[in-house]
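Here is the structure we will look at, set down as structure tokens.
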Amino acid sequence: MDSSDFSFDGLHISDFGAVFLPSKWPGAAKITANEATVPGRHGTIRYPGETYAEKALEGKLYLLGPDDELMTYAQTLERADEVVAWLRPGGRRRLTLDAMPDRFYMAEITGELSVTTDDWDNGCMALKFTLQPFSYAAHESAVSFVLAANASQSKALYVPGNMPAPLLLTLTARAAVGTAQVSTGGKTLKLTGLGLTSGKVLAIGADVESGEVMTCNADGAPAMGKVTAESTVPYELLPGARSVAIVADGACEVRVAVRGRWK
């Protein structure tokens, strides 16, 4: 059955005996171009890159009585307290629309949450979710394999979505590893001086909960300083079918992954 309801922070709106009627769906975010005005010249000069603004999901949440019965004011207020505690956990949480179960947004409500019975006797709330610009695939696309020392391997990986997505890499050393390199689409990410011994891990990621800031750790210590100057940073994979090549100077277990994203 088609539904305009949603899940937030791991719980579904139906868990609270409520339904959602949207008035504004998230579409494409506003874009601010990187540009500048040059004195004595007409128009503006455009530079590579652009910034995406936040988006919004707005509508009303309607509380439902048991067996469609009218609730007392005490019952309405008690249910409203439960809903408020769910929707205001503090900070951004994952929001998944029933109509799009294959992806999620990072979202939060910072505005007032108040209950009214003006147009619904059991009570309703006006909601405005502030969404980060992109939606993300519910699951990572990933491939895992064993890599011999100095033997490059290329692996196929499908990147869903319509936006480049950050590389997620885990490399577990089976022997001493000092250098590792990832290449795809004409871009390279190379690290040197890693100093990994057997069982130690190189981890590269970009956590959506923290705003996709690229992180790089070797044996638990920050390793962004190990990234060479010719590397592309942040390192992202274009959407579609991709071939990713990996090489390291020591035997290791590798997991290459990506979480697709949409505008």
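Nothing fancy with the numbering, it's 1 onward along the sequence.
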Atom pairs and distances, donor-acceptor, side-chain atoms in residues 126-133, under 3.5 Å, two or more places apart:
none

- What do the steps show when you test T228 against Q181 for side chain to side chain contact (heavy atoms under 4.5 Å, CB included), and what is the final call? CA-CA 10 Å; T228 62; Q181 179 174 300; over 6 Å; no
- Hey, could you give me the OG/NE2 distance between S7 and H12, rounded to the nearest 0.5 Å? 4.5 Å
- For the residue pair P160 and A137, what are the closest heavy atoms and their distance? CG-CB, 4.2 Å
- Query: Tell me, which pairs form a ring pair (Phe, Tyr, Trp, His ring centres under 6.0 Å) where one or both residues lie in residues 132-156, sequence neighbours left out?
  - Reply: Y52-F134, F104-Y136
- Task: Treating Ile, Leu, Val, Met, Phe, Trp and Tyr as nodes and any side-chain heavy-atom pair under 4.5 angstrom as an edge, say whether V208 and M163 lie in one connected cluster.
- Result: yes
- Task: Pick out which of R261, R242, K187 makes a salt bridge (charged side-chain N to carboxylate O under 4.0 Å, His left out) with E236.
- Result: R261
- May I ask you to decide if S4's main-chain N or O and D98's side chain share a donor-acceptor pair within less than 3.5 Å? no
- Residue pair D249 / V177, side-chain heavy-atom distance below 4.5 Å: yes
- For the residue pair A18 and L63, what are the closest heavy atoms and their distance? CB-CD2, 4.2 Å
- Side-chain heavy atoms under 4.5 angstrom apart, residues restricted to Ile, Leu, Val, Met, Phe, Trp, Tyr: same cluster for L11 and F8? yes
- Query: Do any N or O atoms from the side chain of R93 and from the backbone of E108 form a donor-acceptor pair under 3.5 angstrom?
  - Reply: no
- Task: With sequence neighbours excluded, tell me which residues meet side-chain hydrogen bond (donor to acceptor under 3.5 Å, both in side chains) with Y105.
- Result: none
- Which heavy-atom pair separates A173 from C252 by the least distance, and what is that distance? CA-CB, 4.0 Å
- With no hydrogens and no angle check, is any side-chain donor or acceptor of D219 less than 3.5 Å from a backbone partner on K200? no
- Measure the OG1-CG distance between T96 and D9 for me, rounded to the nearest 0.5 Å. 11.0 Å
- Query: Are L169 and L238 co-members of a hydrophobic cluster defined by side-chain heavy atoms under 4.5 Å apart?
  - Reply: no
- Sequence neighbours excluded - salt bridge (charged side-chain N to carboxylate O under 4.0 Å, His left out) pairs with any residue from residues 64-75: none
- Message: Main chain of P166, side chain of R259: is a donor-acceptor contact present, judged purely on distance under 3.5 Å?
- Response: no
- Item | Output field: ring centroids F6/W86 closer than 6.0 Å | yes
- Task: Could you tell me the separation between the OG1 atom of T172 and the CG atom of L147, rounded to the nearest 0.5 Å?
- Result: 12.0 Å
- CA sep, side-chain torsions, deciding dist, call: I204, Y235, side chain to side chain contact (heavy atoms under 4.5 Å, CB included): CA-CA 10 Å; I204 297 173; Y235 196 83; over 6 Å; no
- Is L21 linked to L113 within one hydrophobic cluster, defined over Ile, Leu, Val, Met, Phe, Trp and Tyr using a side-chain heavy-atom separation of less than 4.5 Å? no
- Message: Grouping I, L, V, M, F, W and Y whenever their side-chain heavy atoms are under 4.5 Å apart, do M100 and I13 come out in a common cluster?
- Response: yes
- Task: State whether the side chain of N122 and the backbone N or O of L64 hold a donor-acceptor pair below 3.5 Å, judged by distance alone.
- Result: no
- Just how far is it from atom CG of L87 to atom CE of M125, taken to the nearest 0.5 Å? 7.0 Å
- Say you draw a straight line from CG of L61 to CZ of F16; how long is it, rounded to the nearest 0.5 Å? 10.0 Å
- Query: Between the main-chain N or O of E253 and the side-chain N or O of R174, is there a donor-acceptor pair closer than 3.5 Å?
  - Reply: no
- Message: Which heavy atom of K155 sits nearest to which heavy atom of Q153, and what is that distance?
- Response: CE-OE1, 3.1 Å
- Nearest heavy-atom approach of S3 to D5 is OG-N, 3.0 Å
- Message: Please check: side-chain N/O of T184 versus main-chain N/O of S243, any donor-acceptor pairing under 3.5 Å?
- Response: yes
- Message: Within the supplied structure, the quantity of interest is the number of heavy atoms (other residues, nucleotides, ligands) at a distance under 6.0 Å from E82 CD; does it exceed 12?
- Response: yes
- Less than 4.5 Å apart, any side-chain heavy atom of P222 and any of T215? no
- Measure the CG-CZ distance between L95 and R103 for me, rounded to the nearest 0.5 Å. 13.0 Å
- Item | Donor-acceptor pair, side chain of S141 and main chain of Y158, under 3.5 angstrom | yes
Please tabulate, for the side chains in residues 27-43, all donor-acceptor contacts under 3.5 angstrom to protein atoms that are two or more places apart in sequence or on a different chain.
residue, atom, partner, partner atom, Å
N34, ND2, P48, O, 3.2
N34, ND2, G49, O, 3.2
E35, OE1, T44, OG1, 3.4

- Query: Looking only at atom types and distance, does a side-chain atom of N162 sit under 3.5 Å from a main-chain N or O of K263, one as donor and one as acceptor?
  - Reply: yes
- Query: Do you know the tightest heavy-atom contact between L171 and A248?
  - Reply: CD1-CB, 4.4 Å
- More than 12 foreign heavy atoms under 6.0 Å from NZ of K60: is that the case here? no
- Item | Heavy-atom neighbours of E112 CD exceed 12 at 6.0 Å | no
- Item | Side-chain (E212) to main-chain (A165) donor-acceptor, under 3.5 angstrom | no
What pairs of donor and acceptor atoms, side-chain ones from residues 188-197 against any protein atom, are under 3.5 angstrom apart with sequence neighbours left out?
none

